[in-house]
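By convention here, the first residue in the shown sequence is residue 1.
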Amino acid sequence: MASVVVHNSLKPGGPVPFVPREEGKVSWYACGPTVYDIGHLGHARNYVSTDIIRRIMMHYFGYNVNFVMNITDIDDKIIIKARRKRLFDLEKKKPYTPQESHKLGLEAFRAYATGNLPLLQPSNDPVDETNYQTRRDAAYAQVLAGGTLTGEGKPGDAEAKLKMHINNMDAAAQGLKEGKVFEGAEEILLPYLDSLYKETIDINDQTIYTDLTQSMEKEFTADMDALNVLRPDALTRVTEYLPQIVTFVERLVHKGYAYESDGSVYFDITAFEKNGNTYARLRPESKNDKALQEEGEGSLSKTLGGKRGAGDFALWKRSKPGEPYWQSPWSDGRPGWHIECSVMASDKLGEQMDIHSGGIDLAFPHHDNELAQSEAFHRSGACEHTWVKYFLHIGHLSVSGAKMSKSLKNFQSIRAALETTYTPRNMRIVFLLGRWHDGVEISPDMRKHADGWEATLDNFFTNIKARSADGIGALSLSDKTDNELTAKLDQAKKDLDAAFRNSFDTPAAMQIISRIVRDANIYMGETNDLRTVETVGRWVTKIVGILGLDAGAQPPYEGLGWSAATANANVDPQTAVQPFAAVFKNVVGEARTFGLSEPSIEALLNQSPESEFFELEKNGERNAENLAMPYVRAVSRLRDELRRLLPSGTLEPKTKSAIIALADRIRDFDLTDLGVQLDDQSDRPSLIKFVPASKLIAARNERAALLAEKANQKEKARLAREKAEAEKWEKAKLPAQDLFKNDPKYKEWDADGLPTKLADDSEVPKSQTKKLKKEWDRQKKLNDEYAAKFGAAA
């Protein structure tokens with residue numbers, strides 16, 4: 001059997017064989033979130049795609065995966081956001097007059113422009129809310145129109161950041177105009193207040209930070225649960241590892257790989273390389289990228305000095321006034337960003353791990369710095385240490401060419417996306433349709449593709465269940481099943497195995513699933529061999545379960561179809577069937593009023609679905625659909641028989657109309673509202689399908705809206721015709737002789753009323769006379785029609 005291969009960022013090029021350190025076991029560390037804000041779709045892309053790979057490893061290949069993830073609950077972003085929020089809340093409580101608050105807002109407005117949109121503010125003419133819009137449009141017109149600042153290339157992160165700053169200034173300018181400074185100008189006030197008062201913050205009050213991080217961690221966990229992302233086997237937090245971090249840094253200093261300068265400790269890249277190690281193995285081309293290096297150090301590190309090399313990075317940062325701190329041999333400070341993962345991963349997984357994962361934007365400097373400090377820490381003797389065997393980097397999500405991120409404020413939160421745009425399953429399908437290591441661009445086509453794929457499987461599962469419930473196409477165990485569909489299923493299994501082994505190629509897997517479902521649908525329409533179709537359905541159910549597309553399913557994912565429809569399988573049986581029993585009772589009662597004497601109708605009116613239900617309950621059945629089926633089947637059969645009588649010619653018109661109304665209501669309302677779809681079939685019982693009621697009701701409302709729109713268009717057309725008709729006969733009242741008499745262009749007319757002279761005494765040209773005569777003839781004919789219709793000419 002072919003081995004699994006995987007894209008490994010440590011080995012550029014194609015996928016490489018995946019061979020874990022210990023057979024059958026995988027140790028995995030994933031970079032978790034920095035909990036300073038709510039999660040967005042970019043986070044969903046990262047963690048859902050990671051979850052998909054983890055599930056395939058565990059539930060398809062059978063690996064025992066030890067999955068560790070960290071929570072960054074203290075870093076520069078957290079410090080800044082928490083501190084600014086506290087300062088903003090304190091400032092709002094001050095007794096400002098309108099003039100004072102405007103002055104504060106204007107100072108912040110100009111400071112923000114200077115720092116982020118310098119083209120707005122010439123040194124000799126400060127910007128304010130009155131001239132802002134004119135200057136904005138003049139300075140950044142190209143960016144606002146969707147172009148680049150330079151006028152060349154495609155917009156990217158730089159343009160997205162400019163738009164974010166412009167949006168903040170827009171809101172602030174409006175707030176200044178309306179005298180609502182704290183409401184409208186918050187985004188520009190936050191950095192300004194921080195620049196004024198950050199050193200006044202009581203750093204001993206840890207609630208400034210913990211209130212933020214604990215609430216955001218809860219939000220993140222709730223988001224991941226909603227997206228059906230498996231929880232980690234171990235979760236680590238930076239603030240719980242401060243002693244270990246200090247010890248880790250001390251060892252790096254002792255081994256000569258780090259040095260102290262003014263209370264901060266830096267990793268010495270030169271010393272690392274001189275000792276035979278390779279730095280920036282993941283992204284060697286970014287080794288000297290100053291912008292990425294500065295971003296990796298954090299905005300609060302800009303004033304820290306004393307580094308020996310430009311690329312040396314902080315392991316420990318001396319805290320400044322207004323920043324939290326912990327004690328260390330070098331200073332009261334806090335850990336650098338990169339050191340946290342090295343310490344926590346080493347603590348949980350030891351000197352080496354199989355997999356380290358994270359978003360592609362972490363490759364440099366974060367992961368390259370992790371590698372360097374960890375391999376320096378664990379290295380013994382002359383041999384270079386391998387800390388990570390496989391680095392998996394998830395491609396980021398982009399919007400209009402820019403990476404989706406909190407810092408750019410171009411994101412949609414996971415919560416908002418699930419409330420307005422996506423279901424958890426639909427979002428996961430979107431990510432499955434792209435390779436995990438490639439970028440994903442949010443687009444309507446991508447969403448449409450995902451919707452279509454999900455609808456195909458919905459219909460497939462529903463049709464199999466419906467046919468199976470009524471015994472349509474059932475085979476005896478002795479029937480032969482080595483047919484064409486079986487061969488196609490065998491091939492699908494081989495193809496899917498190859499796709500999963502090829503670096504977890506989920507787009508290929510999704511195509512394979514679509515193909516076998518299409519083949520099974522065709523086969524289901526041409527044969528009574530339902531058992532083979534069910535075999536396909538159960539295999540597809542297993543694979544979508546492995547991919548995490550069914551939140552209600554559990555390994556080994558046996559069964560048929562989505563489990564969501566039976567998520568309440570353990571409810572009290574009497575409670576579960578009560579709405580269905582009520583529909584049955586009401587339908588029977590209404591059908592009795594028709595006074596029909598046919599034996600078939602009498603038998604169906606006297607049927608007792610309760611007996612079948614009680615037998616199911618007695619036997620321990622707790623699946624809500626199965627418990628409801630006796631009542632649904634009883635209603636459906638009665639409806640089918642009533643409809644069968646319609647063409648007989650024995651029914652009175654009033655009874656016939658009543659039966660049609662009842663049949664339509666049962667299908668479109670009584671059962672639809674309970675999540676049951678009836679598909680009418682000629683010469684066969686109606687097909688019973690359990691479908692989420694929300695989908696059926698939405699479809700019904702959509703049909704009603706379309707019918708209403710058609711009726712509206714029809715009424716508009718009728719009114720337009722009536723108006724045209726009225727205008728026609730109003731015009732017809734005028735005799736042809738009077739058609740041109742009141743036209744100022746003409747001065748003289750002949751006996752029939754045709755113009756002979758123009759207003760300037762010149763003769764009417766012959767070409768024009770011909771045109772006027774044609775118009776005169778049309779009016780004459782119309783006037784004659786009017787006379788014939790209404791009795792006399794006007």
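Just one of Asp51, Ile52, Ile429 meets the side chain to side chain contact (heavy atoms under 4.5 Å, CB included) condition when paired with Leu547; it is Ile52. Of the candidates Phe313, Trp337, Trp316, Phe267 forms a ring pair (Phe, Tyr, Trp, His ring centres under 6.0 Å) with just one, namely Phe313. The ring pair (Phe, Tyr, Trp, His ring centres under 6.0 Å) with Trp28 is formed by just one residue from the set Phe67, Phe391, Tyr390; it is Phe67.
Classified by interplanar angle (parallel below 30°, tilted 30° to 60°, perpendicular above 60°), the ring pair His366/His338 is tilted. Note: Phe364 and Tyr279 have perpendicular aromatic rings, judged against thresholds of 30 and 60 degrees for the angle between ring planes. Between Tyr47 and His43, the ring-plane angle classifies as parallel under the 30° and 60° cut-offs.
The pair Arg283-Asp368 fails the salt-bridge criterion, with no side-chain N (NZ, NE, NH1 or NH2) lying under 4.0 Å from an Asp/Glu carboxylate O. With salt bridges taken as basic N to acidic carboxylate O contacts below 4.0 Å, one links Arg54 and Asp233. With respect to Asp76 and Arg334, a salt bridge is recorded, a charged nitrogen being found less than 4.0 Å from a carboxylate O. The residues Lys317 and Glu323 are annotated as not salt-bridged, no charged nitrogen and carboxylate oxygen being separated by less than 4.0 angstrom.
With rounding to the nearest 0.5 angstrom, the CD atom of Glu297 is 9.0 Å from the CG atom of Asp312. Taking CZ of Arg55 as the reference point, atom CZ of Phe61 lies at 16.0 Å (rounded to 0.5 Å). The structure places CG of Leu189 at 9.5 Å from CD of Glu187, a figure rounded to the nearest 0.5 Å. Distance check, rounded to the nearest 0.5 Å: CD1 of Ile245 to CD of Glu240 gives 11.0 Å. Atom-to-atom distance recorded for Asn46:CG and Cys31:SG is 9.0 Å, nearest 0.5 angstrom. Distance check: Glu217 CD to Asp73 CG gives 7.0 Å after rounding to the nearest 0.5 Å.
Under a 3.5 Å cut-off, the side chain of Lys307 and the backbone N or O of Tyr266 do not form any donor-acceptor pair. Without hydrogens or angle criteria, Ser319 side chain to Pro324 main chain gives a donor-acceptor distance under 3.5 Å. A donor-acceptor contact shorter than 3.5 Å is absent between the side chain of Arg281 and the backbone of Leu10. Side-chain atoms of Glu351 do not come within 3.5 Å of backbone N or O of Arg379 as any donor-acceptor pair. For the pair Gln352 (side chain) and Lys389 (backbone), a donor-acceptor distance under 3.5 Å is absent. Distance alone, capped at 3.5 Å, places no donor-acceptor pair between the Asp262 side chain and the Leu304 backbone. Judged by distance alone, with hydrogens and angles left aside, the side-chain atoms of Asn116 form a donor-acceptor pair with the main-chain N or O of Tyr112 at under 3.5 Å. Side-chain N or O atoms of Arg45 include one that pairs as donor or acceptor with a backbone N or O of Trp436 at under 3.5 Å. Panel note: side chain Asn66, backbone Ser27; no donor-acceptor pair is recorded below 3.5 Å.
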(request) Go through Asp225 and Arg231 one step at a time and tell me if the side chain to side chain contact (heavy atoms under 4.5 Å, CB included) criterion holds. (result) CA-CA 8 Å; Asp225 288 348; Arg231 291 195 177 186; 2.5 Å; yes
(request) Could you walk me through whether Glu219 and Arg415 pass the side chain to side chain contact (heavy atoms under 4.5 Å, CB included) test, one step at a time? (result) CA-CA 9 Å; Glu219 293 287 346; Arg415 184 191 310 162; 2.4 Å; yes
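The shortest non-hydrogen separation linking Phe248 to Ser374 is CZ-CA, 4.3 Å. In this structure, Pro20 and Asp354 approach most closely via the heavy-atom pair CA-OD1, 3.4 Å. Here the closest non-hydrogen pair linking Pro33 and Asn70 is CD-O, 3.8 Å.
Between the side chains of Tyr192 and Glu107, at least one donor N or O lies within less than 3.5 Å of an accepting N or O.
Remark: Arg251 qualifies as a cation-pi partner of Phe377 under the 6.0 Å distance and 45° angle criteria applied to the six-membered ring.
In terms of the side chain to side chain donor-acceptor pair (under 3.5 Å) criterion, Tyr63 has no residue partners (sequence neighbours excluded).
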